[in-house]
J.: 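The structure that follows is given in the form of structure tokens.
Side chains included, hydrogens not; waters and symmetry mates left out as well; all remaining heavy atoms used.
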Amino acid sequence: NAGVMQNPRHLVRRRGQEARLRCSPMKGHSHVYWYRQLPEEGLKFMVYLQKENIIDESGMPKERFSAEFPKEGPSILRIQQVVRGDSAAYFCASSPGLAGIVYTGELFFGEGSRLTVL
Amino acid sequence: SQQGEEDPQALSIQEGENATMNCSYKTSINNLQWYRQNSGRGLVHLILIRSNEREKHSGRLRVTLDTSKKSSSLLITASRAADTASYFCATDEWGGKLIFGQGTELSVKP
């Protein structure tokens, strides 16, 4: 029973390149959340998605960042033209949602993708 | 914006002692949750307390919630070296997303 799978676990990019981070939710989960964690800090909410819908993107930077959760395949967090300040750990979490299997309110987290921008 | 503020930011205790971490928040909530994060790893859910509950226990964990003061505390009794981790509170504001505090870094010395 696989948990939330994130890849890559580590990604190195040069300034100006694109970063794509992938997240496969737990089986049966239809809700995906992306969070960013800077060193020695807590998690900052970025975006909340359901299949083919963005529910809440209030934490997403206005430029360069986008997220999707297509009908088939993993959720993707895309960062265009990366800058050094984008270096962070990006965590994906999933939940079954209110209409899911058993909604407990908790989120299930992946191990994170650590982006380093040179 | 961040919802929770945690106190203390860092806590160092000896094995066998109790560890208490506090969390304050700003808006009304549906529930409050505590998560643990080992260094370099993802977050693991520990316990959830609903807004109409005042206290909850799970093994060596005890969580309290005071909605009038907008605060919660996590108590870990009889701590072990393996409890060394960062602990985060998170609030569910009815929108489905969780807002996390800055965390408390707990170090338990053997």
J.: Would you please test A:R13 and A:D86 for salt bridge (charged side-chain N to carboxylate O under 4.0 Å, His left out) and show each step?
T.: CA-CA 10 Å; A:R13 285 288 179 266; A:D86 297 333; over 6 Å; no

J.: Give the minimum heavy-atom separation between A:R9 and A:E111, together with the two atoms involved.
T.: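 A:R9 and A:E111 have their closest heavy atoms at CZ-CB, 3.4 Å.
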
J.: Should B:E55 and B:V63 count as side-chain neighbours, where that means a heavy-atom distance under 4.5 Å?
T.: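 Answer no - side chains too far apart.
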
J.: Is B:Q9 close to chain A through its backbone or its side chain, or both, or neither, when contacts mean heavy atoms under 4.5 Å?
T.: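 Nothing of B:Q9, per the 4.5 Å heavy-atom cut-off to chain A.
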
J.: Evaluate the criterion salt bridge (charged side-chain N to carboxylate O under 4.0 Å, His left out) for residue pair B:E15 and B:K109; output intermediate values, then yes/no.
T.: CA-CA 6 Å; B:E15 235 178 359; B:K109 301 188 188 310; over 6 Å; no

J.: In terms of ring plane angle, is the pair A:F65 and A:Y90 parallel, tilted or perpendicular, where the classes change at 30° and 60°?
T.: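 Answer is tilted, since the angle falls between 30° and 60°.
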
J.: State, to 0.1 Å, how close A:P74 and A:F69 come at their nearest heavy-atom pair, and which atoms those are.
T.: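 In terms of heavy atoms, the two residues are closest at C-CD1, 4.3 Å.
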
J.: Quick one: sort the A:F109 and B:Y35 rings into parallel, tilted or perpendicular, breaks at 30° and 60°.
T.: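 Plane angle over 60°, so perpendicular.
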
J.: Can you tell which part of A:Q37 gets under 4.5 Å to a heavy atom of chain B, answering side chain, backbone, both or neither?
T.: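 For A:Q37, side-chain heavy atoms alone lie under 4.5 Å from chain B.
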
J.: Among residues 73-85 of chain B, which ones touch chain A with a heavy-atom distance under 4.5 Å?
T.: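 Within residues 73-85 of chain B, no residue comes under 4.5 Å of chain A, counting heavy atoms only.
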
